[in-house]
Asker: 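Sharing a structure, written as structure tokens. Questions coming.
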Number of protein chains: 2
Amino acid sequence: MIESDIFKALADPTRYVIFEKLAAGRMNASALRDGMAISQPAMSQHLAVLRNAGLVREERQGRFVNYEVDPKGLALIARWLTKYRAYWPSRVDALKTLLKDMDQ
Amino acid sequence: MIESDIFKALADPTRYVIFEKLAAGRMNASALRDGMAISQPAMSQHLAVLRNAGLVREERQGRFVNYEVDPKGLALIARWLTKYRAYWPSRVDALKTLLKDMDQ
DNA sequence: ACAACACATAAGCATAAACTTATGTGACGT
DNA sequence: ACGTCACATAAGTTTATGCTTATGTGTTGT
């Protein structure tokens, strides 16, 4: 699981939307399909990519599989960002927040 | 310039390396090619993708074009990350443990 | 003015990635 | 036990992406 795999997972607009939906709350694969013009296999494949990137994790529940955001992937991106701290604009609040959480 | 464009730009391993080299210091396109098995047009195309994603900016200097990291792209990623702050481990040491565990 | 240089752009090709249809697997209800 | 449901996997097709060669544009040195 390398950084560029995470970026690759989020590079596809469809997967990006799937991830955003999951960020709103855990959901099974069928619920994720609601309102998305996407076939069942396509959804399954996208979820596999997100899972392999460490962005999402699954939990089987009977014949349903619930998916949810996996902090692992997010943490990896956060750490990646800190490598380029020298280039951050000092006034951006988002960066301050991030820094505070990453540091002591 | 949408988030998934940034992720797409960093998804390619070659572009990822180019960005890392630029993070070490501003450089022109030819200097970037040193030690990379990549043609001049390919480099030019990659730089265009990074520039359109807001990750890199250029400054013409005579017949050279110096490239450097653009904080705009990094700030966008940081902002994106903070949206999912709810999923970060609540305790900071938990985050550090998580990051450490991912090192192997 | 002209040649060499640094880089960008165009067009075509080759590969990868996302989709499709078809089928497999395990869980549930009757 | 059997059919249905929720999802995964396989195989093939289409589309996107990164590469190549060829050429264009602007700059520098002579």
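Not measured: the values here are computed from a predicted model. Per chain, numbering begins at 1; letters A, B, ... match sequence-line order.
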Asker: Does a nitrogen or oxygen in the side chain of A/Tyr67 sit under 4.0 Å from OP1 or OP2 of D/dA8?
Answerer: yes
Asker: Using OP1 and OP2 only, check whether a side-chain N or O of A/Asn28 sits under 4.0 Å from D/dC7.
Answerer: yes
Asker: Report the distance from atom OH of B/Tyr16 to atom P of D/dG18, rounded to the nearest whole Å.
Answerer: 16 Å
Asker: For A/Asn66 and D/dA6, give me the distance from atom CG to atom P, rounded to whole Å.
Answerer: 13 Å
Asker: A/Glu59 CD to D/dA6 P: how many Å, rounded?
Answerer: 18 Å
Asker: Rounded to the Å, how far apart are B/Leu47 CG and C/dC7 C1'?
Answerer: 10 Å
Asker: Please report, rounded to the nearest Å, how far the P atom of C/dC19 is from the CD1 atom of A/Ile18.
Answerer: 8 Å
Asker: Please report the distance, rounded to the nearest Å, between CZ in A/Arg63 and P in C/dG29.
Answerer: 6 Å
Asker: Establish whether the base of D/dA6 is bridged to the side chain of A/Gln40 by a donor-acceptor pair shorter than 3.5 Å.
Answerer: no
Asker: Counting only side-chain heavy atoms from C-beta out, which of D/dA6, D/dA22, C/dA6 sits nearest to B/Ser30?
Answerer: C/dA6
Asker: Output the distance between atom CD (A/Gln45) and atom OG1 (A/Thr14), rounded to the nearest 0.5 Å.
Answerer: 12.0 Å
Asker: Using the rule that two of Ile, Leu, Val, Met, Phe, Trp, Tyr join whenever any of their side-chain heavy atoms come within less than 4.5 Å, decide whether B/Leu22 and B/Val17 are in one cluster.
Answerer: yes
Asker: Against B/Arg33, only a single residue in B/Gln40, B/Met27, B/Lys21 fulfils side chain to side chain contact (heavy atoms under 4.5 Å, CB included); can you say which?
Answerer: B/Gln40
Asker: Looking across every strand, which nucleic acid part, if any, lies under 4.0 Å from A/Arg33 by heavy atom: base, sugar-phosphate, or nothing?
Answerer: nothing
Asker: OP1 or OP2 of D/dT17 less than 4.0 angstrom from a side-chain nitrogen or oxygen of B/Lys8, does that happen here?
Answerer: yes
Asker: Between C1' on D/dT9 and NE2 on A/His46, what's the gap in Å once rounded to a whole number?
Answerer: 15 Å
Asker: Could one point to a donor on the side chain of B/Gln45 or the base of D/dT17 with an acceptor on the other under 3.5 Å away?
Answerer: no
Asker: Can you tell me how far C1' of D/dT25 sits from CZ of B/Phe64, to the nearest Å?
Answerer: 16 Å
Asker: Is there a side-chain polar atom (N or O) of A/Ser39 under 4.0 Å from OP1 or OP2 of C/dT20?
Answerer: yes
